[in-house]
Amino acid sequence: MNTERKPRLSISGAATVDGGKYQEVKIAGQGTINEDLDTIQLTVNGHLEGLRDIVAESMTVNGRLVTQRDLSAKKARVNGLVKVWGDLHTPQLRIHGEVVGKKNLTSESIHIYGSLKLDGDCNTDSFTGKAQFQIDGLLNADQIDIGLYGSSSAKEIGGEKIIIKKGRKWDKLLPWLQSELKVECIEGDYIELENTQAKIVRGKQIIIGKDCTIDRIEYQDSYTAHTDSKVGEAVKI
Amino acid sequence: MEQELISKKDLLHEADISYGQLYRWKRKQLIPEEWFIRKSTFTGQETFFPREKILERIEKIKQHKDDLSLDNLAQLFTKKVDEEPHFQNISLSHLLSSEMISQATQDLCQLELTNVDILPYPQAFTLFVIEEILSSGSCSLEEAKLILTLLRDQEEGFIHKPFALFVTRKLGVATAILLHQHDEVYFDSASKIITNLSLDELQERFKQKLLTHGGIS
């Protein structure tokens, strides 16, 4: 394969292309890419379907991007929808729309003002924003700071500092919106929770805020709970 | 072989680490996924680890974490050397100039190395093993050649699996043996074990030197 980067691939209208190496790829209409694509800049304003791996330095998706294999983008901004059937590797990820991943997501910083749905694990240094998420595996992050909008879930959450609160902004506007998090197990050094249902929460410092249902808490240093919350048992380890 | 397990709670306490550190190390692949063993207990699911392995690994992480980044540490522990760009194409002249291997080692192994400077990882590591053996002074040049032949034949195997290298001498005749690190081995009393090297440990040292000295083109 030719290793030179071609300057530009631009699709407006509908087209199917082979892939290759580019400086810049812009999709305005509907594009299908049959082979691996490697580009510095990827902009999708229309609809792009990738049949193989996609690698980009910087990616902006305003429309839809669906890829059958892995997607890797150093800097990714999703305003529309991204759906990935393989692994998703995005060191800097900002979601203002929706990201759906069928495998694992690895990142350094994930900022969400939208929704994330993952069948695998989510590994990142920070996971912040106002979000609705569903992670079927483990959410593993140093810093988690999330305002919940809508019902979210994860199998397990682990990290250093974990703060889950109810998103307040739409309280009056959308009073029927059920903002809650369902999770089996949360483990961290500092944990602050609201609107969370968990089987077990383990940590050094645990603060249980409003509207939580926790079966069992194991803490090392300190533990407090809001009177509105139900805690089965709390044990100092 | 039944291995002794340690629960996550006990591990945090015994190794004096936090949840944050443990999850971070897991994320950076410093602790292999398969060491996280899930079991049901009366308080629900709990995670256990193979006790000896995890304590040893955490000790090493703590030891190195000030001089190597977490990503470098992960490279140190990885068995997938062929996927790691840092360990591809190692320059022989750099190994010599950073004193990772000596002239004597190069001379001994020279046969196939004429005019080649860039070495694949297994070959470079083989040189490092020979260097270790020669500098320990326990083997003669002839015996080192014997070891070299053995390592070259088994190049692929010992890079990916934990092997130990034994050299025994009986009535002045040396034998070199490669075997799985955790297997037990017995020799007759007339055989004298002159070298017992853990190639796994040696590989870690080799990688650490590569990461700190460069030596990579």
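Quick note on labels: first sequence line is chain A, next is B, and so on, each numbered from 1.
Atom CG of B:D153 sits in a crowded spot, with more than 12 heavy atoms from other residues, nucleotides or ligands closer than 6.0 Å. A 6.0 Å sphere centred on CD of A:Q23 holds more than 12 heavy atoms belonging to other residues, nucleotides or ligands. Within a 6.0 Å sphere centred on CD of A:E180, heavy atoms belonging to other residues, nucleotides or ligands number more than 12. Within a 6.0 Å sphere centred on NZ of A:K74, heavy atoms belonging to other residues, nucleotides or ligands number 12 at most. By the 6.0 Å contact criterion, NZ on A:K165 is open, its count of non-hydrogen atoms from other residues, nucleotides or ligands being 12 or less. For NE2 of A:H226, the number of neighbouring non-hydrogen atoms (other residues, nucleotides, ligands) closer than 6.0 Å is greater than 12. Applying the 6.0 Å contact sphere to NZ of B:K62 captures more than 12 heavy atoms from other residues, nucleotides or ligands.
Neither the backbone nor the side chain of A:I162 comes within less than 4.5 Å of any heavy atom in chain B. Proximity to chain B (any heavy atom under 4.5 Å) is restricted, for A:E156, to the side chain, taken from C-beta onward.
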Full working for side chain to side chain contact (heavy atoms under 4.5 Å, CB included) between A:E160 and B:Y23: CA-CA 8 Å; A:E160 193 177 282; B:Y23 275 100; over 6 Å; no

Intermediate values then yes/no, side chain to side chain contact (heavy atoms under 4.5 Å, CB included), A:E187 and B:K8: CA-CA 11 Å; A:E187 292 180 332; B:K8 194 187 269 179; 2.4 Å; yes

Criterion side chain to side chain contact (heavy atoms under 4.5 Å, CB included) on A:R202 and B:Y19, from CA distance to verdict: CA-CA 9 Å; A:R202 300 189 180 100; B:Y19 280 110; 3.3 Å; yes

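Here A:N140 is the residue among A:V235, A:N140, A:D215 with the most heavy-atom pairs under 4.5 Å with chain B.
Within residues 113-128 of chain A, the residues that have a heavy atom under 4.5 Å from a heavy atom of chain B are A:N123, A:T124, A:D125, listed by number.
Counting heavy atoms from C-beta outward, B:R27 and A:D142 have side chains that approach closer than 4.5 Å.
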